[in-house]
Amino acid sequence: MHPTQPTRRHILNAGLGLGLAGLAPLAAHAADDKYPSRPITLVVPFPPGGSVDIMARQYSEPLSSVLGVPIVVENRAGAGGSVASQMVARAKPDGYTLVVSSQSSHLANPLTQPKVGYDPIKDFENIAILGRQPNALVVHSSLPIKSFKEFIDYAKKNPGKLNYGSGGVGSMGQLNVEMLKAATGVFTTHIPYRGGTPLITAVLANEVQFILDNLVIMLPHVQAGRVRALAVAADQRLAQLPDVPTMAEVGYPQLNLSSWTGLAAPGGTPDAIVQTLYKAVRQVATSPAMQASLKERGVIAPEEMTPAAFERMMSERLVKFGEVVRKAGITAE
């Protein structure tokens with residue numbers, strides 16, 4: 001355990017109201033009958049209230065029920081998730097300090113922050129995906145654009161006149177749009193903000209005309225008609241937005257990449273502990289209560305993916321977005 005005292009702790013015994021029926025404890029704690037024997041700290045690299053924090057709190061109570069010990073959620077924000085990720089990478093690899101990983105902390109930051117201080121593959125045991133968040137191309141409703149094709153045509157006829165927003169230089173919102181620009185040949189101007197909340201405010205105020213980012217943060221505003229979703233990055237159309245096509249449907253399958261949120265432990269954590277945690281996550285993720293809870297938030301329930309397969313997927317994404325970062329010359333502040 002890291003010696004610094006936590007800045008924010010919550011033992012979630014009440015949880016988020018997820019039903020726990022059917023979530024029995026793993027027999028003898030699966031692969032290791034001595035683990036876990038005390039509370040587990042689940043570190044969230046972002047402030048309370050964001051999508052990663054909400055995901056952690058969705059899982060904490062049912063995981064506690066399955067593992068038979070309290071799950072302590074600890075928020076440690078800073079440097080776009082790098083502060084907490086570095087802390088966990090250096091923590092004792094005993095399964096009692098875990099981190100909720102994301103494409104921000106375990107993909108964008110290592111690619112764009114020169115001194116991030118950790119390797120997302122070598123310094124972690126990447127255990128399981130907790131959920132996938134579809135990205136969406138979202139435009140302000142005042143624009144005369146009703147489809148992805150109209151967006152591309154408009155952007156090409158008005159080079160540099162469309163501003164796009166992101167949660168900061170080097171964020172996934174920027175990387176997503178730079179990949180879009182490379183694929184379509186459009187030219188747009190980047191306006192970075194400091195996090196998701198000011199970004200949402202900017203989109204709604206038409207300070208920026210579009211984003212290609214996590215749909216979860218914009219879904220209520222899309223449903224209210226304040227902004228318009230033109231395409232989603234998902235394997236299939238979403239139940240919440242059945243009329244919005246996928247990126248593959250509009251002719252750009254290379255952009256059809258949903259984001260992920262996962263669970264990771266320090267590198268060197270014994271495989272028996274990793275397998276215990278993996279089985280616990282899968283038991284929770286496949287429960288009807290969790291499936292319904294994720295769907296309600298617009299999150300895609302995680303497919304079965306072993307730790308080894310998870311790391312392969314991460315490595316492939318690092319290569320793919322690494323090329324985007326190099327071509328666009330992106331370096332985080």
Side-chain angles (χ1 to χ4, degrees), residues 51 103 108 132-169 171-193 196-259 297-300 320-321 323-325 327-328 330:
S51 60
Q103 286 200 159
R132 287 187 180 269
Q133 296 80 15
N135 295 309
L137 177 64
V138 174
V139 301
H140 193 268
S141 57
S142 65
L143 289 175
I145 298 171
K146 299 293 177 65
S147 70
F148 185 89
K149 183 179 184 304
E150 289 180 3
F151 170 82
I152 299 301
D153 290 344
Y154 184 93
K156 288 184 175 179
K157 291 176 182 177
N158 300 276
K161 291 186 179 180
L162 288 180
N163 297 329
Y164 79 90
S166 79
V169 175
S171 67
M172 283 307 304
Q174 182 184 14
L175 270 57
N176 289 335
V177 175
E178 291 302 325
M179 184 175 283
L180 168 73
K181 290 165 64 175
T184 62
V186 300
F187 173 69
T188 61
T189 304
H190 180 215
I191 308 295
Y193 293 85
T197 299
L199 173 61
I200 294 171
T201 301
V203 176
L204 296 179
N206 202 22
E207 290 179 10
V208 293
Q209 286 69 58
F210 78 98
I211 62 171
L212 178 49
D213 214 329
N214 194 325
L215 175 63
V216 172
I217 65 173
M218 295 304 300
L219 182 58
H221 306 294
V222 173
Q223 293 171 327
R226 302 184 187 96
V227 291
R228 185 178 300 121
L230 303 181
V232 295
D235 293 337
Q236 57 187 8
R237 294 194 184 196
L238 305 177
Q240 296 88 342
L241 301 172
D243 297 328
V244 179
T246 68
M247 286 291 185
E249 287 181 281
V250 299
Y252 292 91
Q254 69 270 43
L255 302 178
N256 216 42
L257 300 173
S258 58
S259 296
R297 291 185 49 236
V299 176
I300 301 169
K320 186 184 295 288
F321 281 99
E323 185 177 351
V324 173
V325 169
K327 287 184 176 179
I330 300 170

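Just so we're clear, the structure is a prediction, and the values are computed from it rather than from any experiment. Any value given below was found using the heavy atoms of this structure, including those in side chains, with hydrogens, waters and symmetry copies removed.
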Inset, instruction - With sequence neighbours left out, write down each residue that passes side chain to side chain donor-acceptor pair (under 3.5 Å) with N176, or none if nothing qualifies. - result: none
Legend entry - Those residues that, when tested against S171, pass side chain to side chain donor-acceptor pair (under 3.5 Å) (two or more places apart): S166
Say you draw a straight line from [atom1] of [X] to [atom2] of [Y]; how long is it, rounded to the nearest 0.5 Å?
X: L257; Y: L255; atom1: CG; atom2: CG; answer: 7.5 Å
X: E178; Y: E323; atom1: CD; atom2: CD; answer: 13.0 Å
X: Q103; Y: L175; atom1: CD; atom2: CG; answer: 9.5 Å
X: F151; Y: L212; atom1: CZ; atom2: CG; answer: 8.5 Å

Legend entry - Any residue meeting ring pair (Phe, Tyr, Trp, His ring centres under 6.0 Å) with Y154, in chain and number order, not counting sequence neighbours: none
Check: [X] side chain, [Y] main-chain N or O, donor-acceptor pair, under 3.5 Å:
X: H140; Y: L204; result: yes
X: Q209; Y: N163; result: yes
X: N256; Y: M247; result: yes
X: K181; Y: T188; result: yes

Legend entry - Carboxylate-amine/guanidinium proximity below 4.0 Å for D153 and K149: yes
Inset, instruction - With sequence neighbours left out, write down each residue that passes salt bridge (charged side-chain N to carboxylate O under 4.0 Å, His left out) with K146, or none if nothing qualifies. - result: none
Inset, instruction - Inspect the surroundings of CG in D235 and state if more than 12 heavy atoms from other residues, nucleotides or ligands are less than 6.0 Å away. - result: no
Legend entry - For P245, all residues meeting side chain to side chain contact (heavy atoms under 4.5 Å, CB included), sequence neighbours excluded: R237, E249, V250
Legend entry - side chain to side chain contact (heavy atoms under 4.5 Å, CB included) against V232, all qualifying residues, sequence neighbours excluded: A136, L215, A234, L238, V244, T246
